[in-house]
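Data first, discussion second: the structure below is written as structure tokens.
Residue numbering restarts at 1 for every chain, and letters A, B, ... go by the order of the sequence lines. Because the structure is predicted, anything quoted here is derived from the model rather than measured.
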Number of protein chains: 2
Amino acid sequence: MPRPARVSYHDIKRAVTSRIQSRIWPQGTLLPTEAQLCAEFGCARATVSRALRELSDQGVVTRKRKSGTRVAILPPERARLDIPVTHRTVEDMGAAYTYALISRAEVATPAWLTAAIGAQENAPALHLTALHSADGAPFQLEERWILIAAVPNVREADFAAITPTEWLLAEVPFNDAEIAFSAIPADGNLPSLLNAAPGAPLFRLERTTWLEGAPVTRVHMTYRPGYQMRARY
Amino acid sequence: MPRPARVSYHDIKRAVTSRIQSRIWPQGTLLPTEAQLCAEFGCARATVSRALRELSDQGVVTRKRKSGTRVAILPPERARLDIPVTHRTVEDMGAAYTYALISRAEVATPAWLTAAIGAQENAPALHLTALHSADGAPFQLEERWILIAAVPNVREADFAAITPTEWLLAEVPFNDAEIAFSAIPADGNLPSLLNAAPGAPLFRLERTTWLEGAPVTRVHMTYRPGYQMRARY
DNA sequence: CTGTCCCTTATGTTTGGACATATCACGAGA
DNA sequence: TCTCGTGATATGTCCAAACATAAGGGACAG
């Protein structure tokens with residue numbers, strides 16, 4: 001098989017993954033050193049290095065100085081999940097997106113929340129609920145707390161005109177976030193707002209974001225009955 | 001501010017993210033070219049290039065040949081989710097892990113499945129159900145179909161001794177996978193097996209994997225009531 | 001036998017240089 | 001006016017060389 005005039009790091013990635021998948025290098029195997037590989041492929045060490053670094057980022061191999069590079073044991077099923085803003089999710093389904101603010105109030109952060117995110121007791125927060133709809137049918141209910149200390153100008157934001165998610169993305173940088181997925185029963189005002197049978201299972205995404213270690217906002221996004229969140233990898 | 005003798009691509013990443021977060025470069029801004037940046041930081045273009053490439057991988061900036069590098073508009077909320085094998089999930093909770101095979105049978109792939117994953121009609125499959133427990137309490141119910149054509153030696157596998165996930169990870173490479181999360185009601189045998197109230201909301205993860213475009217296996221993993229799947233990013 | 005020091009080795013990073021390639025912008029020709 | 005080329009430009013990739021750094025392993029002393 002003729003090899004291209006110049007060997008790309010893509011070629012090396014392909015060759016290595018192929019040997020791993022065909023069990024030429026079973027899991028746990030120590031693979032040749034960068035120097036050996038670049039001799040084999042006839043390219044610079046930087047090229048091999050980049051290929052192996054990217055495979056390491058993907059979790060296909062693990063690398064350690066001096067020890068060398070090994071085929072990862074139990075590839076840790078790593079999925080990259082893109083969570084677009086609801087606006088886009090709905091439009092990608094080919095539906096018309098509409099948004100309505102349901103409630104807005106300044107409150108003291110509830111105790112369960114301060115404990116969960118590491119905020120000060122009774123820190124003032126803006127509490128919002130909003131409904132995102134697809135073709136007029138309820139799609140997602142958003143319940144959000146924004147810590148006013150973290151974003152003082154949130155008081156001036158007009159959340160009837162722009163969704164909290166989009167306002168925050170535009171106004172507030174954040175370093176760190178945590179998400180959690182769970183299944184919850186439709187209770188409280190969920191059945192009527194999301195057009196669900198009482199007690200019906202609903203998919204919920206919770207996200208908390210921090211800036212420099214200080215909590216900024218927490219959101220609960222509860223989807224309409226039957227919603228599935230998907231990802232490929 | 002004194003700068004280190006040699007500038008690392010980490011320094012550049014920090015400097016760039018800092019300018020983005022502090023709104024010196026608001027979203028959509030075209031940032032200086034690599035050549036300009038490496039003049040500013042006093043380093044080689046390859047160093048700037050690596051920094052910007054990694055920021056691009058993280059979704060912080062978007063790059064296009066000739067056009068240049070821009071601060072990403074609406075950073076697409078990209079989460080990397082690590083889904084360890086159940087074995088590890090349970091042990092990471094500090095609980096004792098046990099596993100039991102509940103049923104094993106060769107069946108024709110059900111029609112809804114062939115349609116969903118692109119398999120042949122009535123393709124023979126191995127159908128398994130198994131229960132994963134933490135400290136003796138049901139933790140996750142696994143229901144799996146393995147296409148025998150894709151993995152002929154699955155007939156010899158002893159799934160009483162090893163979990164299907166771990167056997168497959170060790171035996172079968174795969175290129176491509178899709179996962180979906182949803183909330184489902186506890187019905188059928190779920191209430192008794194997972195110790196859930198009938199109709200209670202349960203979190204479910206579905207995963208399908210392919211090898212060279214041919215489906216290999218589909219699994220439904222249903223978690224005990226109240227389970228949350230978490231990720232940081 | 002055990003702990004310390006040092007040498008070796010494999011990966012990690014930077015450099016300065018070169019060529020490749022996508023694509024924007026502009027100008028000539030239809 | 002519109003279309004098609006063509007050059008300029010910013011990113012994409014590769015190279016050869018060098019130094020940095022973590023860590024395994026052996027020599028040596030206690």
Side-chain angles (χ1 to χ4, degrees), chain A residues 1-17 19-20 25 27-73 75-76, chain B residues 1-20 25-73 75-76:
Chain A
M1 192 180 87
R3 209 174 270 144
R6 272 177 101 149
V7 178
S8 161
Y9 74 97
H10 284 116
D11 300 328
I12 309 218
K13 283 181 72 173
R14 249 197 311 279
V16 170
T17 40
R19 288 179 198 183
I20 292 175
W25 292 334
Q27 57 176 209
T29 308
L30 189 63
L31 31 134
T33 66
E34 293 189 351
Q36 292 169 325
L37 285 173
C38 71
E40 179 191 340
F41 288 97
C43 66
R45 188 169 78 93
T47 306
V48 172
S49 188
R50 176 159 181 195
L52 293 182
R53 185 181 353 117
E54 294 200 355
L55 289 175
S56 168
D57 289 344
Q58 293 173 30
V60 176
V61 301
T62 59
R63 317 193 72 191
K64 216 167 79 179
R65 265 182 174 139
K66 160 76 184 170
S67 308
T69 305
R70 300 183 168 275
V71 180
I73 26 71
Chain B
M1 193 179 82
R3 211 174 270 146
R6 273 178 98 151
V7 179
S8 161
Y9 73 96
H10 284 118
D11 301 328
I12 311 219
K13 283 181 72 173
R14 250 197 310 279
V16 170
T17 42
S18 149
R19 289 180 198 180
I20 292 175
W25 292 334
Q27 56 174 210
T29 307
L30 189 64
L31 30 135
T33 66
E34 294 189 350
Q36 291 169 325
L37 285 173
C38 72
E40 179 190 341
F41 287 97
C43 66
R45 187 169 79 94
T47 305
V48 172
S49 188
R50 175 160 181 194
L52 293 182
R53 179 170 12 104
E54 295 200 356
L55 288 175
S56 169
D57 290 344
Q58 292 173 30
V60 176
V61 301
T62 59
R63 317 193 72 190
K64 217 167 76 178
R65 267 183 174 138
K66 158 76 183 173
S67 309
T69 305
R70 300 183 168 275
V71 180
I73 25 73

ask   = Looking only at heavy atoms, which two atoms of B:Thr62 and B:Ala72 are closest? And how far apart?
value = CG2-CB, 4.2 Å
ask   = Below 4.0 angstrom from OP1 or OP2 of D:dA10, is there any side-chain N or O of B:Thr69?
value = no
task = Figure out the CG/P separation between A:Asp11 and C:dA20, and round it to whole Å.
result = 16 Å
key: Closest approach of B:Leu31 to B:Trp25 (non-hydrogen atoms, all atoms of both residues)   = CD2-CE3, 4.1 Å
request  = Please figure out whether A:Ser49 or A:Gly68 has its closest DNA chain C nucleotide nearer the 5' end.
outcome  = A:Gly68
ask   = How do A:Arg45 and B:Arg45 order along DNA chain D: which one's closest nucleotide is nearer the 5' end?
value = B:Arg45
Nucleotide nearest B:Ser8 when distance is taken to its side chain, options C:dG12, D:dC15, C:dT13 = C:dT13
Minimum heavy-atom distance B:Cys43-B:Ile12, with the two atoms named = SG-CD1, 3.7 Å
inquiry  = Between the base of D:dG12 and the side chain of A:Arg50, is there a donor and acceptor pair under 3.5 angstrom?
reply    = no
request  = Enter the distance from A:Tyr9:OH to A:Leu52:CG here, rounded to the nearest 0.5 Å.
outcome  = 13.0 Å
query = B:Phe41 CZ to C:dT15 P: how many Å, rounded?
reply = 12 Å
inquiry  = Measuring only between side-chain heavy atoms, which start at C-beta, is B:Arg63 closer than 4.5 Å to B:Glu34?
reply    = yes
query = Do B:Val60 and B:Val16 come close enough that some side-chain heavy atom pair is under 4.5 Å?
reply = no
key: Base C:dT23 paired with B:Arg65 side chain (donor-acceptor, <3.5 Å)   = no
remark   = Checking C:dT13, D:dT13, D:dC15 against the side chain of B:His10 (C-beta onward), the nearest is C:dT13
message = Any residue in residues 30-39 of chain B with a heavy atom nearer than 4.0 angstrom to DNA chain C? Just list them by number, or reply none.
response = none
ask   = How many Å lie between NZ on A:Lys66 and C1' on D:dG24, as a whole number?
value = 5 Å
task = For residues A:Leu55 and A:Lys13, report the shortest heavy-atom separation together with the two atoms involved.
result = CD2-CE, 4.0 Å
ask   = Once you round it to whole Å, what is the distance between C1' of D:dC14 and CG of A:Leu52?
value = 16 Å
task = Give a yes/no answer on whether the side chain of B:Lys64 brings an N or O atom under 4.0 Å of OP1 or OP2 in C:dC24.
result = yes
note = Assert: residue with more 5' nearest nucleotide on DNA chain D, out of A:Tyr9 and A:Ser67, is A:Tyr9
query = Can you check the B:Arg63 CZ to C:dT23 C1' distance for me, whole Å?
reply = 15 Å
